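The structure under discussion appears below in the form of structure tokens.
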Amino acid sequence: MYDKYFAANPITIGTKIPKHKGILFSGATATTPAITLNLINGLGNTFSGSLTVNESPYIFPMQVFSIASALPAGVTAYYIN
């Protein structure tokens, strides 16, 4: 079953992202960029993970704590609700 999204809001890199259903990445068709995300584990601790975005648009359907570093050239990200 697919989730419904009603709003896309810009992300400030390096800061906590408000509650959301997923992250929308756009503009990643020229290369295969790796994006570093900070996620939260079951104990409430953050850890880093790398996400390879190879489609545009690309929806990562999980709640993310933050995007750790600058996005690759040409890629934009939005948190979606």
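Bear in mind that the values here come from a model prediction, so they are computed numbers and not experimental data.
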For the student: nearest non-hydrogen atoms of G27 and S56, plus distance:
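For G27 versus S56, the nearest heavy atoms are N-OG, 2.7 Å.
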
Please tell me whether I13 and I35 are part of a single hydrophobic cluster in this structure, the criterion being side-chain heavy atoms less than 4.5 Å apart.
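Yes, it is one cluster - the side chains of I13 and I35 are joined through contacts under 4.5 Å.
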
Mind checking whether L24 and V53 sit in one hydrophobic cluster, side chains of I, L, V, M, F, W, Y counted as touching below 4.5 Å?
no

When you compare the side chain of I23 with that of L51, does any pair of heavy atoms fall below 4.5 Å?
no

N/O donor-acceptor pairs under 3.5 Å from side chains in residues 59-81, not counting sequence neighbours:
residue	atom	partner	partner atom	Å
S66	OG	N38	ND2	2.9

Contacts of type side-chain contact (heavy atoms from CB on, under 4.5 Å), residue F47, not counting sequence neighbours
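Once residues adjacent in sequence are excluded, the partners of F47 under the side-chain contact (heavy atoms from CB on, under 4.5 Å) criterion are L39, N41.
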
